[in-house]
Amino acid sequence: MAVAEQIRPTTDALLKTGGPKRPANMGQYVRWALLFLGGILMVMPIAYMISTSLKWPHEIYNLKLIPEEPTIENYTFVLEDGRFYWWFLNSIIIALITTICNVLFDSLVGYTLCKFRFPGRYIIFIAILSTLMIPTEMLVIPWYLMSQQFGWLDSYWGIMFPGLMTAFGTFLMKQFFETVPDDFIEAARIDGLNELQIWWTVAMPLVKPALAALAIFVFLGNWTAFIWPLIVTNSVEMYTLPVGLSSFGDEADVAWELIMTGAAISTIPTLIVFLIFQRFIIRGVVMAGLKG
Amino acid sequence: MADLALRDLVKTYDKTQVLHGINLDVQDGEFVVFVGPSGCGKSTTLRLIAGLEEVTSGGIEIGGRVVNNLEPKHRNIAMVFQNYAIYPHMTVRKNIGFGLRSSSAPRAEKDKRIREVAELLGMTDLLDRKPDQLSGGQRQRVAIGRAMVRDPAVFLFDEPLSNLDAQLRTQMRLEIKKLHQRVGSTIIFVTHDQVEAMTMADRIVIMKDGHIQQVGTPSEVYHTPANTFVAQFIGAPAMNMLPGQAVENGAILLKTGDLVKADLPVGTGRQVTLGVRPEDLTDAAAEPFLEGQVALREPLGHETLIYVTTEMGEFIAKADGRRPPEVGATVRLGAEQENLHIFDAETGSALA
Ligand SMILES: Nc1ncnc2c1ncn2[C@@H]1O[C@H](COP(=O)(O)OP(=O)(O)O)[C@@H](O)[C@H]1O
Ligand SMILES: [Mg+2]
């Protein structure tokens with residue numbers, strides 16, 4: 001009741017402002033339809049994930065969205081299984097450290113490439129960019145051989161080292177540092193800061209939205225990474241969450257309901273990360289220090 | 001505080017030379033304004049002094065010390081940028097105090113210094129605001145405050161007023177001038193606006209294409225411009241330029257056949273350019289030498305500018321504010337002999 005009353009004035013107002021209502025044209029309908037389809041496409045997997053996690057094993061291949069006999073049995077099973085906590089912890093540690101490293105190193109390199117003139121700058125930039133064209137699947141073999149030689153197999157370091165810096169992040173940060181006026185940097189230089197201080201106290205705060213975006217990308221990327229962690233880990237305690245979840249069940253039978261349950265739980269940290277950082281993205285860069 | 005010297009300063013970017021040997025001595029406590037059209041090398045000169053660019057050849061001395069190879073922070077200078085360059089993510093207090101970050105003074109002393117500067121600039125109430133809560137003039141003041149807080153030997157200003165509206169610009173001009181009188185530091189101020197240069201400077205340096213054209217007090221560059229460029233750049237509206245030829249008795253024969261009495265120190269036959277400022281060219285002269293029709297009037301109150309079309313083109317002259325000639329009327333214009341500027345037609349340098 002109360003809600004309906006709250007809504008009504010606004011809808012009335014909305015209708016009125018349009019005056020004699022113009023019929024929506026064809027393009028608009030098409031746009032809405034496409035958006036609607038897109039929305040469904042996005043939501044369906046998540047809906048099925050949650051639905052499956054609430055089903056008994058015998059119901060899994062019944063594609064009804066609403067389980068006939070909903071149960072939280074899967075959740076209790078997964079949460080009572082000690083391995084899940086290990087994997088969760090591994091994933092958190094790896095994703096956090098990788099995210100921090102990316103935010104620091106990508107922006108440091110991006111800043112250097114953007115704001116300093118030195119011989120070979122362009123070649124270095126192209127070299128970094130060109131690594132974007134090599135797919136992970138091609139890199140895992142050299143990574144594996146390297147890890148083997150260095151004795152990094154089955155360790156955090158082994159899982160993390162390929163992703164501590166990314167070409168994409170470096171590129172992103174370089175582009176964003178272009179928006180930081182040189183005057184800001186030169187003013188700080190005259191005021192006696194060294195280059196590292198300038199980067200940290202002047203340039204970094206001005207690209208916070210980009211850092212937040214990068215943090216989200218990197219965190220999600222590492223949280224969901226599968227191939228490399230699967231290859232580099234051997235022992236069950238070193239598994240990351242996606243690797244661990246895929247190991248539920250046995251050769252004969254994949255325990256989809258457990259995998260979906262684990263996946264549902266594992267979306268929680270990604271939600272948290274997103275909620276924390278999107279604030280910075282939305283707030284945007286305020287270039288109020290410039291001009292009038 | 002310190003004096004500053006530029007010795008044969010040359011700057012080359014890649015292959016293009018933008019400064020061709022700048023020589024200048026600035027006294028301790030002097031207010032020197034660099035003025036010139038856009039792209040003439042004013043900012044480059046300032047950036048060389050600041051140490052933001054490397055000198056190609058020549059020398060810079062601050063307080064008798066060659067600073068060519070010193071980092072900006074060791075040159076004891078402060079710079080105010082055209083875009084202010086105050087940090088949007090810091091409060092006014094932090095922005096002003098920014099220059100003290102690398103100093104080892106105790107915190108209380110730094111705070112005191114920040115408050116002193118804020119007081120001097122009338123910004124005490126704004127210390128906890130962020131730049132986006134300030135007006136253009138206030139931001140400008142923060143930028144100046146940040147420069148002042150370290151008490152540098154030399155202040156460098158790069159067109160600091162060009163982003164302000166006309167009224168604020170006039171006000172800030174005065175404020176900077178007052179500030180200079182109070183703190184007495186050496187100031188190098190860059191602008192493309194000749195009014196700013198004339199009103200603020202102890203001495204003006206007029207530049208063009210990487211060369212200094214003239215150095216002098218506002219009065220000197222106005223009354224005795226070294227060449228046609230300076231003559232036309234300083235003063236508004238620009239000086240009238242009339243082509244002519246030297247004849248007997250130091251007089252000048254204009255293209256129209258009119259004779260202008262003058263004291264030309266050169267031989268007859270030499271091609272010259274006669275310069276007369278609009279404010280010196282009047283329709284009430286004792287011995288007029290130029291006839292034309294009034295095409296347009298610009299009343300300024302105490303006087304009226306008249307645009308006069310003659311055989312040699314259009315010239316601007318001054319007429320009485322109360323009873324200016326009608327548009328279309330024929331007027332005869334002339335000037336006092338002492339107000340004539342005569343330049344070599346070929347080189348443009350002043351002859352008398
Ligand atoms: N970083 C640079 N690289 C190449 N040319 C430059 C650079 N900075 C300035 N110039 C050139 O030097 C000349 C003088 O520039 P500048 O000192 O900025 O002029 P002003 O400040 O008097 O308008 C201009 O022709 C400009 O194009
Ligand atoms: Mg400039």
Side-chain angles (χ1 to χ4, degrees), chain A residues 103-104 107 111-112 114-122 173 176-215 277 279-292, chain B residues 43 46-47 49-54 71-90 92 94-104 129-140 142-143 146-147 149-150 152 155-156 158 161-165 168-169:
Chain A
V103 164
L104 288 180
S107 59
Y111 177 78
T112 307
C114 172
K115 293 298 182 190
F116 291 89
R117 306 277 170 271
F118 54 90
R121 180 174 85 112
Y122 189 66
M173 293 319 298
F176 260 85
F177 280 120
E178 303 279 0
T179 66
V180 175
D182 288 346
D183 283 359
F184 280 6
I185 291 161
E186 291 176 345
R189 213 167 272 161
I190 290 177
D191 279 338
L193 272 70
N194 65 40
E195 299 301 328
L196 215 54
Q197 288 172 317
I198 296 174
W199 165 71
W200 183 251
T201 55
V202 174
M204 286 292 264
L206 293 171
V207 294
K208 260 189 204 159
L211 293 175
L214 180 63
F277 285 109
R279 210 157 48 97
F280 294 110
I281 295 184
I282 291 167
R283 207 185 280 158
V285 200
V286 187
M287 282 296 168
L290 284 176
K291 297 199 184 173
Chain B
S43 296
L46 213 57
R47 294 168 59 80
I49 298 172
L52 294 172
E53 302 278 354
E54 251 176 78
E71 300 261 315
K73 59 184 166 195
H74 296 133
R75 296 189 181 198
N76 200 11
I77 46 108
M79 186 153 165
V80 177
F81 291 82
Q82 177 172 355
N83 291 330
Y84 316 154
I86 56 176
Y87 304 121
H89 58 288
M90 295 181 192
V92 170
K94 282 233 170 105
N95 264 295
I96 293 181
F98 199 80
L100 297 176
R101 283 180 79 105
S102 45
S103 123
S104 57
R129 295 225 190 141
K130 288 260 184 86
D132 57 2
Q133 298 166 301
L134 299 179
S135 69
Q138 287 167 335
R139 284 178 207 172
Q140 180 64 77
V142 176
R146 193 174 68 192
V149 78
R150 268 188 299 130
F155 279 99
L156 307 173
D158 193 356
L161 307 182
S162 48
N163 284 329
L164 301 177
D165 60 49
L168 209 51
R169 195 151 56 212

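Throughout, protein chains are lettered first and strands after them, A, B, ... in sequence-line order, and every chain is numbered starting at 1.
Looking at B/Arg75, there are no atoms closer than 4.5 Å to chain A (heavy atoms on both sides), in backbone or side chain. Heavy atoms closer than 4.5 Å to chain A are found nowhere in B/Leu156, neither backbone nor side chain.
Applying the salt bridge (charged side-chain N to carboxylate O under 4.0 Å, His left out) definition to pairs two or more places apart or across chains, none involves residues 197-206 of chain A.
Between chain A and the options B/Lys130, B/Gln138, B/Arg101, the largest number of non-hydrogen pairs under 4.5 Å is found for B/Arg101.
Although no hydrogens or angles enter the test, the distance criterion places a donor-acceptor pair under 3.5 Å between the side chain of B/Arg139 and the main chain of B/Pro131. Side chain of B/Arg47 to main chain of B/Glu53: no donor-acceptor pair is present (N/O by atom type, distance under 3.5 Å, no hydrogens or angles).
Figure legend: cation-pi geometry between B/Arg146 and B/Tyr87, with NZ or CZ positioned under 6.0 Å from the six-membered ring centre and within 45° of its axis.
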